[in-house]
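The structure under discussion appears below in the form of structure tokens.
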Amino acid sequence: MATKTKQSGDGGETHQKAGEGTEVLTTNQGIAIADNQNSLKAGARGPTLLEDFILREKIFHFDHERIPERIVHARGTGAHGFFEATDDISDLSKAALFTKGEKTEVFVRFSTVAGGAGSVDTPRDVRGFAVKFYTREGNWDLVGNNIPVFFIQDAIKFPDLIHSVKMEADRAYPQAGSAHDTFWDFASLMPETTHMLFWAMSDRTLPRSLRMMEGFGIHTFLLVNAAGKASFVKFHWKPKLGIQSTIWDEALKLQAADNDYHRRDLFEAIDTGDFPEWELGIQVFDQAFADAQPYDVLDSTKLIPEDDVPVRIIGRMVLDRNVDNFFAETEQVAFCPGNIVPGIDFSNDPLLQGRLFSYLDTQKSRLGTTNFHQIPVNAPRCPMANFQRDGMMQMAVPKGRANYEPNSLAAHGEEGGPRECPASGFATSTAPTGRDETGDKLRVRSELFADHYSQARMFLASQTESEQAHIASSFVFELSKVGLLDQVPGRMVANLRNVDEAFAKRVADGLGIPLPPKATAAREPVEIAPSDALSIQKNMKDTLEGRAIGVLIADGTDAADLSTLIGAIEKAKAKAVIVAPKVGGATLSDGKVQKADGQLAGTPSQIFDAVAVVLSEEGCTALLNEGAAVEWVMNAFGHLKAIGASDAAKPLLDKAGIKPGDGVTGLDDGFVPAAAKRFYAREPGLRTLA
Ligand code: HDD
């Protein structure tokens, strides 16, 4: 079909039909096009004529197809869905979207931070988790990340942070990664980044799937009830599939295997009806609690341990519809933390306060007009009316003379336009949000902001041994990529000594540098009890739901074994993906051809959560000299995944150096339950971690 786009005024019925059920291809002015293959020329071999308005319009439009990519979070993917309130919190917030049972349409965009729009999905990076709620009282944007804290405390440092992490100014590399001079130069000079660095160096920045990430609003916000009473709140998204990350070697190999790993995973899940789901949770607290903490609740480099304020689940979000058009929706969606509805309000967090300006401003530059709110994906679903007028790309056609307020036009029989609504309109909460709210004009921060290490120590102590080893190894890896060796890594390790002496020593040893003198802490850290909620490994769900198991077959594979295995995998709600040397398939023991979902060389095991090798003697012999087959099992083993293998496949496992043991089983009943796990205990025997 030429085009599915119907635009207003296309007057389809007046066009001749190109054929049964086919619309006519036209110019933007609706002129039917007879020939879309040849430009207009003076003679068959002559020059193209300027007169060719069809060519000119087509090339003109093409030349302007790109808009500026987001300065951060340029690489992303989005989907539609709904939020459903499942608990009554009217005592806390009057927001209509929190009315128990209320369903609100949402649009979500996930993203990486540092890379450009064309970069890969799986670098070590924080993930954006931005949700636009089209509530019946207007749009609320909760623009968060998959990590509950941030690098900096004050928005004035954001341009510096981002300049340092993005590709370096002169050489324009590296793309989408923090393992380079300028980022670590900045980070080591800014001790306030320390807590977030521990999160960024953990497996949180290597999510297995966007569907298996937590999300956080990060800042302290306010909930405001009908009586005007305000409470502090932090927002949390908890994935139904549980939280799951990859490991570093796997993430590197995923980059090679599939640049679009995460967007493909999300799109396919929604496309096949396997809708991703999260619970929305809140941590609510009051001023007395805030005053009693050793940190400032307005400081975005700090979190509130769930052990101190449990997360209360108040709703769920389901993503059930892919976008129809990536550009129109995912690229043009414009999130603004300043979009807020009655019943929710801002706190004085200085990082949040700066964001309130930045996003509105950037959308004008990205989308070219102050009228970006009229783009369908950004438009509120509830009625909107005001006296803002004109501007580039104005789509609305307001009638009458009422473009100012107050006016008395209605008294003269004319349309007077909308009016203020004190009863239900947004009124900024007057509740205090902390001490020292008034005073002299000062460029300062509250005193507690100076503690940069206590929560980093708490985070580290909350991790399993394996997670701590991953964090230490990431620090070593990233700092090893720094060319300014004489100053930056040492300065970083000097900061780390304030978090944990043994950890700092571990990183120094991993780098092969002497332990530098401890940096002077702006404020001495205090002990905060570890919290299990901060670990991935302690919170992984023992489930195969939403996961994929690669099943390697070849000619001669036992048909009955294969069918039993696929049945067991599907019963566990996982996806069985058949991989064979040829995509056309393999001839099974019963003589039937089993088609493959992927060809071995192009479907490496890093894209799966576990693998099964279902080979006959004949099939195994054929694969022994196939590098891709040996790597397939070797990488699955190295990435700590379960491997189930038929007896006849043993020579392939032997060749890859894999011994039966933890997570390496036959194709019996043990494999499918094992496939839901990762075998972290295997790792120290496979690679040296710091
Ligand atoms: Fe930001 C985009 C998340 C601090 C300025 N940010 C952006 C997106 C996410 C976040 C998820 C992508 C939205 C989308 O998918 O379109 N940003 C955060 C979080 C922060 C944060 C969780 C701290 C808690 N950001 C932050 C600060 C500033 C910005 C302090 C500026 C002072 N962020 C922007 C921006 C972006 C953006 C430049 C780029 C594209 C856009 O806004 O729409 O305005």
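In listed order, ligands and their atoms are each counted from 1.
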Would you please classify the geometry between the F83 ring and the F133 ring as parallel, tilted or perpendicular, with 30° and 60° separating the classes?
perpendicular
Have a look at ligand 1 and work out which part of V143, if any, has a heavy atom under 4.0 Å from it: side chain, backbone, both or neither.
both
Examine the proximity of ligand 1 to T362 and report which part, side chain or backbone, both or neither, has a heavy atom under 4.0 Å away.
side chain
How close does the nearest protein non-hydrogen atom get to [atom], and which residue and atom is it?
| atom | answer |
| --- | --- |
| atom 7 (C) of ligand 1 | H73 CD2, 3.2 Å |
| atom 11 (C) of ligand 1 | G144 O, 3.3 Å |
| atom 14 (C) of ligand 1 | R109 NH1, 3.2 Å |
| atom 43 (O) of ligand 1 | Q363 NE2, 2.8 Å |
| atom 13 (C) of ligand 1 | F335 CD1, 3.9 Å |
| atom 38 (C) of ligand 1 | I71 CG2, 3.3 Å |
| atom 18 (C) of ligand 1 | R355 NH2, 3.0 Å |
| atom 16 (O) of ligand 1 | R70 NE, 2.7 Å |

Element-labelled atoms of ligand 1 that are located less than 4.0 Å from some non-hydrogen atom of I218
22 (C), 24 (C)
Cation-pi between K234 and F216: NZ/CZ under 6.0 Å from ring centre and within 45° of the ring axis?
no
From OG1 (T104) to CG (N139), nearest 0.5 Å
10.5 Å
Reported CD-to-OG distance for the pair Q463 and S535, which is rounded to 0.5 angstrom:
5.5 Å
Exercise: do H219 and R355 side chains pair donor with acceptor under 3.5 Å
yes
So, [X] side chain and [Y] main chain: donor-acceptor pair closer than 3.5 Å or not?
| X | Y | answer |
| --- | --- | --- |
| E331 | F327 | no |
| R124 | S202 | yes |
| S245 | D203 | yes |

Give a yes/no verdict on whether any heavy atom in S300 is under 4.0 Å from an atom of ligand 1.
no
Proximal candidate to atom 32 (C) of ligand 1 [heavy atom criterion; set F129, Y359, F158]
F158
Heavy-atom proximity to atom 44 (O) of ligand 1, best of P159, S358, S111:
S358
Taking the six-membered ring for Trp and the single ring otherwise, decide whether the centroids of W278 and F110 are under 6.0 Å apart.
yes
Report yes if the distance between the aromatic ring centroids of F198 and F475 is under 6.0 Å, otherwise no.
yes
Polar atom proximity, H219 to ligand 1 (N or O, under 3.5 Å):
no
